Amino acid sequence: MNYKFFIIAKKIEPFYQEAIEEYFKRLQRFCSVSLSICKNSKKLPVKDLEKSYKILITPQGKTISSEKFALKIKDLEMKSITDITFLIGEGIEIFDEIFTISQMKMSKGLTATLLAEQLYRAYKILRNEPYHK
């Protein structure tokens with residue numbers, strides 16, 4: 001599986017960047033992940049995203065448990081969907097599904113960090129491996 005995180009923001013705080021990189025390092029044995037920051041939604045590489053399954057992360061999305069998120073990942077794999085893009089930010093109009101990390105408004109860096117952690121947790125759940133908090 002190939003995951004891309006696109007954050008619509010001018011920048012994210014260095015400590016969030018470090019946390020995201022830590023989860024990406026842990027995820028390397030399960031999948032490929034990358035992070036891109038775009039200053040606004042008009043800068044998104046729309047043509048590159050056409051082949052990807054796009055999940056928008058906003059406070060207005062539907063809530064999903066860690067277990068259901070893991071099952072969603074498994075379901076996408078079973079459907080041979082290998083490219084998944086997570087979109088975090090405002091003004092994004094292209095997506096296939098909407099989820100929320102929290103209904104509370106938070107920084108995009110924190111949202112991406114929590115999403116990376118949940119993706120890591122999903123792979124641990126799918127492999128019946130222990131996840132230490």
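Not measured: the values here are computed from a predicted model.
For the atom pair Asp83 CG and Met1 CE, the distance stands at 8.0 Å (nearest 0.5 Å). Note that NZ of Lys4 is 8.0 Å distant from OG of Ser36, once rounded to the nearest 0.5 Å. The line from OG1 of Thr100 to CD1 of Ile57 is 7.5 Å long, rounded to the nearest 0.5 Å. How far NZ of Lys108 is from CD1 of Ile8: 8.5 Å, rounded to the nearest 0.5 Å. Separation of atoms CD (Glu97) and CG (Leu87) is listed at 12.5 Å; rounding is to 0.5 Å. Going from atom CG of Leu44 over to atom NZ of Lys39 covers 14.0 Å, rounded to the nearest 0.5 Å.
In this structure, Phe99 has its ring center at least 6.0 angstrom away from the ring center of Phe86.
Taking the side chain as every heavy atom from C-beta outward, Phe69 and Leu119 approach each other to under 4.5 Å. Using a 4.5 Å heavy-atom threshold, the side chains of Ile20 and Phe15 count as separate. A heavy-atom distance below 4.5 Å is found between the side chains of Phe24 and Leu35. Within the 4.5 Å cutoff, the side chain of Gln60 has no heavy atoms near those of the Gln103 side chain. Ile84 is not listed as a side-chain neighbour of Asn2, based on a closest heavy-atom distance of 4.5 Å or more. Within the 4.5 Å cutoff, the side chain of Thr82 has no heavy atoms near those of the Leu76 side chain. Contact of the Thr58 side chain with the Thr111 side chain is not registered, since no non-hydrogen atoms from C-beta on lie closer than 4.5 Å. Residues Ser34 and Phe5 are not in side-chain contact: their nearest non-hydrogen atoms beyond the backbone lie 4.5 Å or more apart.
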Under the side-chain contact (heavy atoms from CB on, under 4.5 Å) rule, what do Ser107 and Ile12 come out as? Steps first, then yes or no, please. CA-CA 8 Å; Ser107 76; Ile12 60 172; over 6 Å; no
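Ion pairing between Lys25 and Glu22 holds under the 4.0 Å rule for side-chain N and carboxylate O. At a threshold of 4.0 Å, the pair Arg121-Glu117 counts as salt-bridged, since one of the basic side-chain nitrogens sits closer than that to a carboxylate oxygen. Using a 4.0 Å cut-off between charged side-chain N and carboxylate O, Lys54 and Asp96 make a salt bridge. A salt bridge is absent between Lys42 and Glu90: the closest approach of a Lys/Arg side-chain nitrogen to an acidic carboxylate oxygen does not fall below 4.0 angstrom.
Linking ILVMFWY side-chain heavy atoms closer than 4.5 Å, directly or via other members, places Leu71 and Tyr120 in two distinct hydrophobic clusters. Cluster membership for Leu115 and Ile92, using ILVMFWY side-chain heavy atoms within less than 4.5 angstrom, is not shared. Note on Ile55: it clusters hydrophobically with Leu114, by side-chain heavy-atom contacts below 4.5 Å among ILVMFWY residues. Tracing side-chain contacts under 4.5 Å through hydrophobic residues (I, L, V, M, F, W, Y), one reaches Ile101 starting from Leu110; they form part of the same cluster. Residues Phe95 and Ile88 do not share a hydrophobic cluster, defined by chaining ILVMFWY side chains whose heavy atoms lie under 4.5 Å apart.
Side chains of Glu129 and Tyr123: a donor-acceptor N/O pair is absent below 3.5 angstrom, by distance only. For the residue pair Gln17 / Glu13, no side-chain donor-acceptor distance below 3.5 Å is found, with atom types taken as modelled.
Here the closest heavy-atom approach between residue Ser52 and residue Thr85 is recorded as OG-OG1, 2.6 Å. The two residues Gly91 and Ser41 make their nearest non-hydrogen contact at O-OG, 3.0 Å. When every heavy atom of Leu27 is checked against every heavy atom of Ala116, the shortest pair comes out as CD1-O, 4.1 Å. For the residue pair Ala9 and Ile37, the shortest heavy atom distance occurs at O-CG2, 3.2 Å.
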